[in-house]
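Single-structure report; data block below.
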Amino acid sequence: MIGILKAMYVTFAMTLRKPVTIEYPTKHREVPQRDRAFPILLWDKDVDEPFCTGCHACERACPVECMTVTMKDNPLHADDKSKRRKIIDEFWIDYGRCMRCNICVEVCNFEAIAMNNTWAGHELSKFDRNDLVLDLDQLLSQHKQEKIDTWVAE
Amino acid sequence: MSMPSAGINIENAWLDAFVGVIVIVGLMTVVVMALIYIERKVAARMQNRLGPMRVGPHGTLQSLADALKLIGKEDLRPATADRWIFELAPFAVFVPTFLAFIAIPFTQNLAISFLDLGLFYVVAVTGLSFLGFLLAGWASDNKYALLGGMRAAAQLISYEVPLVLSLLAVSMVAGSLALHEIVEFQGRVPLVVWQPLAFFIFIAAVLAELERQPFDIPTAESEVVGGPFIEYSGIRWSMFFLASYASLFIYSLLGAIVFLGGWNWPLGAEAGLWLQLIWTFAKTSLLILLFIWIRFSFPRLRIDQLMSYCWKVLIPLSFLQIFLNGLVLVYGWPHIFLLLTSGAGLALAGYIIARVGQTEPRKVRLIPVRGGRKATASLTAPEGAEGGSSA
Amino acid sequence: MVQQQELETVDININMGPQHPSTHGVFRMVLTVDGEKVIDVEPHIGYMHRGGEKLSENMDYRQGIGYQDRTDYLTQFLNEQAYCMAVEKLTKLEVPERAEYLRVILCELNRITSHLMFIGAFGIDLGLFGTSFMYAFREREYIQDIFEEVSGERMMYGYFRPGGVVWDVPENFVQRVREVLPQTKQGLKDLDMLLTNNEIFVARSKGVGAISAEDAIDWGLTGPMLRASGVPWDLRKDQPYSVYDRFDFDIPIGQYGDVYDRYLVRLEETHQSIRIVEQALEQLPEGPILPEKLPRKLRAPEGEVYAAVENARGEYGIYIVSKGGDKPYRLKIRSPSFSNLSALRTMTIGNYIADAVAILGSVDIVLCDVDR
């Protein structure tokens, strides 16, 4: 009998506490700085080109093979504006396959890729799974527009 | 015998009946929707959540939206189901619940009908609803549904007995089976004071009749996945749902009237119609909140425990209550003896429950591990960590 | 005269799962029931098989970590720990002390979250309408927040690496954990009050699905299942790995090996985990988190190695056969859920259907861990 009364006391006492719910779509919890959504590419503002040189390191390291990378000769290098001899030509990441393991960020030698740490990186529902294959422009856009403060471990 | 005048006085008997039906169905639908909303909100607060918040301000229109969705859903029937029984079973649950409403007085003058055997009638018609569960369980051609239907039949019939006996004990004291006369008896002191044991048995039996935790065995979500309702969808499923919440309301109303003094206590029968109505519903809400509170605090009993609890605890106790009442009433002892004897019975009930659960408080044995090796400069694999044990 | 025929009764088969609310995932039991009594159980597994062991053969030692997160998805850190320990043993990597402490802290917090999940779900199995689940999840969420702040992920942390951890914890890590622990204790108290002495809960769980110590050992049970039967076997004590030999803690063991004992053991283990975390926070040293001479691509010599940790469910072991190179030749996961589940039939037969649900709940399986 005492146990039953105790249980009823707990549930009653809980009604007096403030609910912990965050009403999600209208209110967003703050994501921590290290939050890992999906990988995005970073934009070098000094030279006005991506950091990525298309070296295939991330593509090789990806456990689920969700990346496709091609490289080209950098036209800005020919004009002596950029130190990058090669530059990324095309870059696709299939967010439907990505398992967000962060290995691509770790292996990148140029700090050209980072995990998205904003809510925009999480709310990606699409009607067609092909829409989850992002191309270079889409991958770069968030950092290019300075909408993100990325975090990459030293 | 002269009956108190009914609230609605219409000459034509047919028209009167028709208006009564409309009032019942309209009232019940609103009440049920409100109840569902309240239950969800209260449950949410008990679980530290917010509950429905989206539809309407603070989610008040959530039940309405759900009702619309259920009406719009396709009414599915398994190909192997027994067609007529399957389709009519919801009515067998739905109708008795609504029939019970006819005899329940809300205030001194407001009721569909004041029956001299009101208590008997209410218990009789609500007792029919088990048939619907059994039919639904059988006709669905689903093993879970069958199990649930059988459980429902066993449980509802068993718990009908203590329910009736506890009400019988009350009517012995009040000296009447008419609900309005029972209420009139409680002008000064509500019957729960004289009959705490009967009240306890009533609450337990009603929980079982309503199939709510800790007695929701027929519909057990984690075992038989909804039991008799498993194959129902759309409007037929919502009829079961409506009936279950309507019975929650009716049993709470019955408890408020029979045990808590209805409209009569503490203001007396002279209070105005609205005050009486407010008192009745306030007491009903109190019982409903109690049922909701219990639902979200307790796990479920097992079917054999449920049955033995009914036949070995509740029924003997209710016989004890009747016997004690008889003793007090025959010898014409003052009412305080009713309280004393019934209270002693309640204490006995509490003791039995405590004894059943608490054979011996069990504790785990703790094997201490003491960390001998404190931090060292460089870490190497400690001895004993090499190699595995069993794979 | 017509001879009265005896009524014939038929045993029916009930298909519990793979879509059933209380099978904890896609698990299927075919119950043969005589009325309400279970007379036979046939478990069917394999619905969640993803070939994690085979996939790991094509993964180098860093990529393989991601697959460890996805076996037992409630104790990811502990699985990563087992995998990293196996790789470290194979490649003779030395783990810096700070990394070991961080691992211990995170593993023990992870054990708490896993046990909270068990307590919450077990309440639902016994018919408590979501209340225990909500309380448990509320507390779990606070710890989950720490994990997210540390690793960036809510579920698939991928934080441990062979040789240490991938990056250091945030500055306020110690303070955050110290903040959360009292909250966890309060939450555990709520759950304790809600369930432990509740007569209905006790009536439902006491004496149900008991398994003796001999049987438990014969079936290869580990973890709380084994300890509930009264066998004080805990890898943290018996084969102390990492820095577990530096902490004072108790190993709770039960007496009867029934469902109630398993619940009690797990409840007590959360308290002991809190103790370990508190001690580890005290002792947490400064320093590097990865060995200094860590090669860019980890290559292992030939050989085979087995490393096991005490997972929240039992002994989670990784067996790696290497033929050189950067990938394992064969990787075998000794998953506790699978071994613990094997005793299900013995425990369930003769009980009621409702008990079958409670027993399955008390095994605390994770189907991804069973099927891998």
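Every chain is numbered from 1 and lettered A, B, ... according to where its sequence line falls, protein lines coming before strand lines.
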Item checked: Backbone N/O of B/V225 and side chain of C/H20: donor-acceptor pair under 3.5 Å -> no
Check: Using non-hydrogen atoms only, which part of C/Y135 is less than 4.5 Å away from chain B: side chain, backbone, both, or neither?
Finding: side chain
Next item on the list: Identify which of C/I124, C/D125, C/D261 forms the greatest number of heavy-atom pairs closer than 4.5 Å to chain B.
Entry: C/D261
Item checked: Interatomic distance, C/L128 atom CG to B/Q47 atom CD [nearest 0.5 angstrom] -> 8.0 Å
Notebook entry, point to check: Under a 4.5 Å heavy-atom cut-off, does chain B meet the side chain of C/V208, its backbone, both or neither?
Noted result: side chain
Notebook entry, point to check: Is there a donor-acceptor pair under 3.5 Å between the side chain of B/K143 and the backbone N or O of C/I12?
Noted result: no
Item checked: More than 12 heavy atoms of other groups within 6.0 Å of B/F291 CZ -> yes
Item checked: Spacing of CD1 belonging to B/I303 relative to NZ belonging to C/K37, to within rounding of 0.5 Å -> 13.0 Å
Next item on the list: Counting only heavy atoms closer than 4.5 Å, note whether C/N15 contacts chain B via side chain, backbone, both or neither.
Entry: backbone
Next item on the list: Enter the distance from B/R300:CZ to C/R204:CZ here, rounded to the nearest 0.5 Å.
Entry: 7.0 Å
Notebook entry, point to check: What part of C/V357 lies closer than 4.5 angstrom to a heavy atom of chain B: side chain, backbone, both or neither?
Noted result: side chain
Notebook entry, point to check: Counting heavy-atom pairs under 4.5 Å to chain B, which of C/P285, C/G130, C/S132 comes out on top?
Noted result: C/G130
Checklist line | Nearest-0.5 Å distance that lies between atom OG in B/S222 and atom CD1 in C/I353 | finding: 11.5 Å
Next item on the list: Take B/V224 and C/I14, measure what side-chain contact (heavy atoms from CB on, under 4.5 Å) needs, and give me the verdict at the end.
Entry: CA-CA 10 Å; B/V224 292; C/I14 295 183; over 6 Å; no
Notebook entry, point to check: Got a sec: does the CZ of C/F129 have more than 12 other heavy atoms crowding it under 6.0 Å?
Noted result: no
Check: Atom CZ in B/F298, atom CG in C/L195: separation rounded to 0.5 Å?
Finding: 11.5 Å
Item checked: Taking every non-hydrogen atom, the tightest pair across B/P299 and C/L126 -> CB-O, 3.4 Å
Margin query: Using a strict threshold of under 4.0 Å (side-chain N to carboxylate O), is an ion pair present between C/E36 and B/R302?
Written below: no
Notebook entry, point to check: Are any of the side-chain heavy atoms of C/T131 and B/S297 separated by less than 4.5 Å?
Noted result: no
Checklist line | Spacing of C/M16 atom CE and B/Y144 atom OH [to the nearest 0.5 Å] | finding: 4.5 Å
Checklist line | Choice from C/V305, C/D355, C/L194 maximising heavy atom contacts with chain B below 4.5 Å | finding: C/D355
Check: Taking B/M150, B/Q305, B/M46 one by one, which has the highest count of heavy-atom pairs under 4.5 Å against chain C?
Finding: B/Q305
Margin query: What part of C/Q272 gets within 4.5 angstrom of chain B, counting heavy atoms only: side chain, backbone, both, or neither?
Written below: side chain
Check: Is it true that atom CD of C/E292 has more than 12 heavy atoms of other residues, nucleotides or ligands lying nearer than 6.0 Å?
Finding: no
Checklist line | Heavy-atom closest contact (C/A354 atom, B/R151 atom, distance) | finding: N-NH2, 4.5 Å
